[in-house]
Amino acid sequence: WPLLPAKLASQCADAFRGTPARASVLQRQVTSALRALGHDPQEEVCTAQGYSLDAVVCVEGRTVAVEVDGPSHFVGRTQKLTGASALKRRQLGAFGWTLLVVPYWEWDIQQEEQCKYLQRRLHEIIR
């Protein structure tokens with residue numbers, strides 16, 4: 001495929017990055033739980049490719065991207081990902097990111113269980 005002219009490529013990149021994301025209530029709950037576990041999450045991290053990550057944490061020397069997926073990431077009331085969310089996950093993996101996805105229905109647990117949930121999921125991912 002031919003390359004885009006530089007000006008058009010720049011405009012496309014700007015449009016992809018869009019406006020800065022704002023953390024949802026669900027996302028703030030997850031990052032608070034990460035802090036309670038002793039992590040220092042960076043929030044709304046922009047990758048070199050232009051994707052926005054909800055949070056990034058370092059676990060045992062490995063960088064982990066945390067994506068908090070609310071209902072808008074799924075088709076209707078199903079657990080089937082939208083095309084955009086599926087593409088983002090696939091591309092982040094291809095770019096080398098270790099990804100922890102927290103779907104909203106798994107986070108709908110008692111507050112005292114949320115830290116245990118994250119601890120377990122983080123250890124599953126880095127092992």
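Only a predicted model underlies this, so the values are computations on that prediction, with no experimental measurement involved.
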Treat each ILVMFWY residue as a node, draw an edge where side-chain heavy atoms are under 4.5 Å apart, and state whether [X] and [Y] are in one component.
| X | Y | value |
| --- | --- | --- |
| I126 | V30 | yes |
| I125 | L34 | yes |
| L26 | V56 | no |
| L37 | V68 | yes |

Residues in salt bridge (Lys or Arg N to Asp or Glu O under 4.0 Å) with [X], at least two apart?
| X | value |
| --- | --- |
| D69 | R89 |
| R90 | none |
| E60 | R127 |

query = Should we say atom CZ of R22 is surrounded by more than 12 heavy atoms from elsewhere, each under 6.0 Å from it?
reply =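 It does not: R22 CZ has 12 such atoms or fewer within range.
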Cut-off 3.5 Å, no hydrogens considered: what does the side-chain donor-acceptor table look like for residues 104-111, sequence neighbours left out?
| from | atom 1 | to | atom 2 | distance (Å) |
| --- | --- | --- | --- | --- |
| E106 | OE1 | Y117 | OH | 2.5 |
| E106 | OE1 | R121 | NH1 | 3.3 |
| W107 | NE1 | Q29 | OE1 | 3.1 |

message = Is any side-chain heavy atom of T31 closer than 4.5 Å to one of V66?
response =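 No, their side chains stay 4.5 Å or more apart.
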ask   = Is any side-chain heavy atom of V64 closer than 4.5 Å to a side-chain heavy atom of V57?
value =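 SC-SC contact between V64 and V57 confirmed.
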ask   = Atom NZ in K7, atom CD in Q11: separation rounded to 0.5 Å?
value =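 It is 5.5 Å, given to the nearest 0.5 Å.
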ask   = What's the spacing between L87 CG and T82 OG1 if we round to 0.5 Å?
value =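 Result: 9.5 Å between the selected atoms.
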key: Distance-minimising heavy-atom pair for V59 and L122   =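 Reported closest heavy-atom pair: CG2-CD2, 4.0 Å.
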query = Linking Ile, Leu, Val, Met, Phe, Trp and Tyr through side-chain heavy atoms less than 4.5 Å apart, which residues share a cluster with L4?
reply =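 L8, which link up through side-chain heavy atoms under 4.5 Å apart, make up the rest of the cluster.
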request  = Could you list the residues that satisfy side chain to side chain donor-acceptor pair (under 3.5 Å) with E67, not counting sequence neighbours?
outcome  =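 Here the qualifying residues are K88.
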With T98 via side chain to side chain donor-acceptor pair (under 3.5 Å) - residues at least two apart =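 Only R62 meet the side chain to side chain donor-acceptor pair (under 3.5 Å) criterion with T98.
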task = Please list, chain by chain and in numerical order, all residues satisfying side-chain contact (heavy atoms from CB on, under 4.5 Å) with T47, sequence neighbours excluded.
result =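 For T47 the side-chain contact (heavy atoms from CB on, under 4.5 Å) partners, ignoring immediate neighbours, are Q49, Y51, L53, L92, W97.
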query = Restricting to pairs with a member in residues 96-105, which pass salt bridge (charged side-chain N to carboxylate O under 4.0 Å, His left out), not counting sequence neighbours?
reply =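 Every pair satisfying salt bridge (charged side-chain N to carboxylate O under 4.0 Å, His left out) with a residue in residues 96-105: there are none.
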query = Hey, is the main chain of A6 close enough, under 3.5 Å, to the side chain of S10 for a donor-acceptor pair?
reply =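 Flag not set: sc S10 to bb A6 has no pair under 3.5 Å.
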Counting only pairs under 3.5 Å, give me each side-chain donor-acceptor contact of residues 39-46, with atom names and distances, residues two or more places apart or in other chains.
| from | atom 1 | to | atom 2 | distance (Å) |
| --- | --- | --- | --- | --- |
| E43 | OE2 | R35 | NH2 | 2.6 |
| E44 | OE1 | S52 | OG | 3.0 |
| E44 | OE2 | Q27 | NE2 | 2.6 |

Donor-acceptor pairs are to be reported for all side-chain atoms of residues 70-81 against protein atoms at under 3.5 Å, with residues two or more places apart or in another chain.
| from | atom 1 | to | atom 2 | distance (Å) |
| --- | --- | --- | --- | --- |
| H73 | ND1 | S85 | OG | 2.8 |
| T78 | OG1 | V75 | O | 2.5 |
| T78 | OG1 | K80 | N | 3.1 |

